[in-house]
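So the structure is just underneath, and the comments pick up after that.
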Amino acid sequence: MEIKNQRYCIQEIPLLDIAKKYGTPVYLYDGNKILDQVESLKKAFSGVKMKIKYATKALSNISILKLMRKAGTGVDAVSIEEIQLCLHAGFSPEEIMYTPNGVDFEEIKKAVEMGVMVNIDNIPMLEHFGTEYGHKVPLCIRLNPHILAGGNSKISVGHIDSKFGISILQLKHVLKIVQAYELQVVGLHVHTGSDILDAEVFLKGAEILFDAAREFKGLEFLDFGGGFKVGYKEGDITTDIQEVGKKVSAAFRDFCKEYGKDLEIWFEPGKFLVSESGYLLVKANVVKPTPATTFVGVDSGLNHLLRPMMYDAYHGVVNISKLDGPERVYTIVGYICETDTIAADRKLREVKEGDVLAIKNAGAYGYSMASNYNSRYRPPEVLILDGSDYLIRKRETFEDLIRNQTVIEL
Ligand SMILES: *Cc1c(COP(=O)(O)O)cnc(C)c1O
């Protein structure tokens, strides 16, 4: 988002025009920003055989998945339904990795039948896999290296009491099962959590993964998961992807030499690829001064953007209806009937009823976590690509709310 001709624009298209054309609230994505992020990740790892497996759960609109496919990424899916969406968007089964947690073995079988590689995350499922497929179906194993990383306990997935992955301390047990069933382990995976700051955490994870990898013959790739930190707040420290690329690539090349084979290095970024591309445009319904603060009540809330309430996440907010004049401090709140703070104590250009606010960093875990709470419709999604805007999902209607309800005679 930048100011052009006194208006906030994405690729020359004024955001206010988008708000007028599609109504508010509306999710808006800058497709070219997504492509830029893919390119910068590719560039950072240009010295090694790197594959991107976009974490579908961050933003799973079919047009976004198609855009990823066009940019040359694969995908990581965490449910059968996400696999179906990825297939629907044109990905071939070989481009999809299935990383489930706590699912029934039936789901794992289904993924195998669909031709998708499964990333096994616990010992009982590894044994089921061995019993069912033996050496016939290649698989990946998700390890938990017990590295504490991540900005919020709900998204830290590598620590000792996390439910994710097979503890690195259980590696001996894993190897026994692998031997007993002659499992064809082609990949090892770690995902240490979201909001990883720097190369050091990745390198720490890498060392543990390399140690484990030495115990496996026939590996084809090592998967380092996602979790690159993106800037939400002005002045936030973000992952320097080029530096991470340089350091991790060097360590990876050394390991490959020792292993005796040019392995692939995989990443599964969600936030890094789509977070900054996204905006949620909302309208100020009411400006409400109170003795404590001045609230701005907007036509959206935690039903559409859960992150502030769920993760205490910071999202920048800009009054795009006003380019100059004095700034005032506001607390921006949603219309949901419970505490629903989107952004507290923020300086915005003076807000008037009807002004449009842009909530930033809404691309990842925005729409994909949206619900119909309070029986509100979910907003439309609009993609701006190469200077044109496309409606990629319609606003819901009353029909959508009642679609699956069966009405009994009373
Ligand atoms: C959620 C998830 C990711 C993506 O995490 P980001 O923080 O969005 O990069 C990657 N891999 C797995 C297995 C995940 O569950």
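Just follow the structure's listing: the first ligand is 1, and inside any ligand the first atom is 1.
Atom numbering of ligand 1 starts at 1 in the shown order; those under 4.0 Å from a heavy atom of Thr99 are 13 (C). Counting the atoms of ligand 1 from 1 in the order shown, those under 4.0 Å from a heavy atom of Lys57 are 1 (C), 2 (C), 3 (C), 14 (C), 15 (O). Residue Tyr365 approaches ligand 1 through these ligand atoms, each under 4.0 Å from one of its heavy atoms: 1 (C), 4 (C), 5 (O), 6 (P), 8 (O). In the vicinity of Gly227, heavy-atom distances shorter than 4.0 Å reach the ligand 1 atoms 5 (O), 6 (P), 7 (O), 9 (O).
Of the N or O atoms in Gly225, none lie within a sub-3.5 Å distance of an N or O in ligand 1. Note: an N/O pair closer than 3.5 Å links Gly270 and ligand 1 by distance alone. Residue Lys271 has at least one N or O atom closer than 3.5 Å to an N or O atom of ligand 1. Polar contact with ligand 1: absent for Asp76 (N/O pair, distance under 3.5 Å). Considering backbone and side-chain atoms together, Glu268 places an N or O closer than 3.5 Å to an N or O of ligand 1.
Proximity of Ala364 to ligand 1 is not established, as no heavy-atom distance is less than 4.0 Å.
Within the structure, the side-chain hydrogen bond (donor to acceptor under 3.5 Å, both in side chains) test picks out the following pairs touching residues 37-48 (sequence neighbours left out): Lys33-Gln37.
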Go through the steps for His189 and Thr99 under the test side chain to side chain donor-acceptor pair (under 3.5 Å), then give the verdict. CA-CA 10 Å; His189 168 275; Thr99 305; 4.9 Å; no
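Counting heavy atoms under 4.0 Å from ligand 1, residue Pro269 touches it through the backbone alone.
With hydrogens and angles left out, the side-chain atoms of Ser275 and Asn361 include a donor and acceptor closer than 3.5 Å.
For Glu396, the salt bridge (charged side-chain N to carboxylate O under 4.0 Å, His left out) partners are Arg378, not counting sequence neighbours.
Cation-pi geometry between Arg214 and Tyr259 is not met at under 6.0 angstrom from the ring centre and within 45 degrees of the axis.
By the 4.0 Å N-to-carboxylate-O rule, Glu82 lies too far from Lys57 to be salt-bridged with it.
Using a 30° and 60° split on the angle between ring planes, Phe210 and Phe255 fall in the parallel class, below 30°.
When ring centroids are compared, Phe398 and Tyr377 stay outside the 6.0 Å threshold.
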